[in-house]
Amino acid sequence: MLFDYLDDQASLGSHMQKPSMMMLGGRMSYEFDEARGRTVGSVIRMRGNILGLVLPLKK
C-alpha cells in the first residue's frame with residue numbers, strides 16, 4: 001500500500017496543484033500517458049506558472 005502511494009505521481013504532486021504563497025501564487029498541473037507514469041518510458045508532462053510565467057517540464 002505504501003509503495004502504491006509512492007508510485008502514484010498524481011497523489012505525490014497533489015499539494016503543488018493548489019496555489020501557495022511559497023510558490024508566489026503559482027501552481028503545477030500534470031498530464032499523464034496511459035501508464036500514468038508507472039512504467040519505463042512513461043511520459044509525465046508538468047506545467048506550472050509563477051508570477052505570470054509559464055514553466056513547461058517533461059519527465
Side-chain angles (χ1 to χ4, degrees):
M1 184 153 126
L2 174 65
F3 292 110
D4 288 333
Y5 176 78
L6 293 175
D7 200 28
D8 184 5
Q9 300 299 317
S11 65
L12 281 179
S14 65
H15 68 282
M16 299 291 284
Q17 295 178 3
K18 301 173 201 152
S20 70
M21 289 303 294
M22 187 160 58
M23 291 185 54
L24 301 173
R27 64 184 206 97
M28 297 289 293
S29 62
Y30 299 89
E31 291 178 30
F32 300 97
D33 61 3
E34 305 82 38
R36 309 262 321 142
R38 292 183 173 212
T39 62
V40 174
S42 287
V43 176
I44 301 172
R45 286 186 176 81
M46 296 178 274
R47 183 182 193 104
N49 63 36
I50 184 168
L51 295 175
L53 299 172
V54 176
L55 307 169
L57 301 168
K58 182 178 175 183
K59 179 178 175 185

**Q** Can you check whether Ile44 reaches Glu31 side chain to side chain, under 4.5 Å on heavy atoms?
**A**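 Side-chain contact under 4.5 Å: no.
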**Q** Run the side chain to side chain contact (heavy atoms under 4.5 Å, CB included) test against Val54 and tell me which residues pass, sequence neighbours left out.
**A**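 Counting only residues at least two positions away or on another chain, Val54 forms a side chain to side chain contact (heavy atoms under 4.5 Å, CB included) with Arg47, Pro56.
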**Q** Please report the interatomic distance CG(Asn49) to CE(Met28), rounded to the nearest 0.5 Å.
**A**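 Interatomic distance, Asn49 CG to Met28 CE, rounded to 0.5 Å: 9.0 Å.
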**Q** Please check if the side chain of Asp33 supplies one atom and the backbone of Arg36 the other of a donor-acceptor pair under 3.5 Å.
**A**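 Flag set: sc Asp33 to bb Arg36 pair under 3.5 Å.
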**Q** Minimum heavy-atom separation for Pro19 to Gly25, with atom names?
**A**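 Residues Pro19 and Gly25, closest heavy atoms: CB-O, 3.6 Å.
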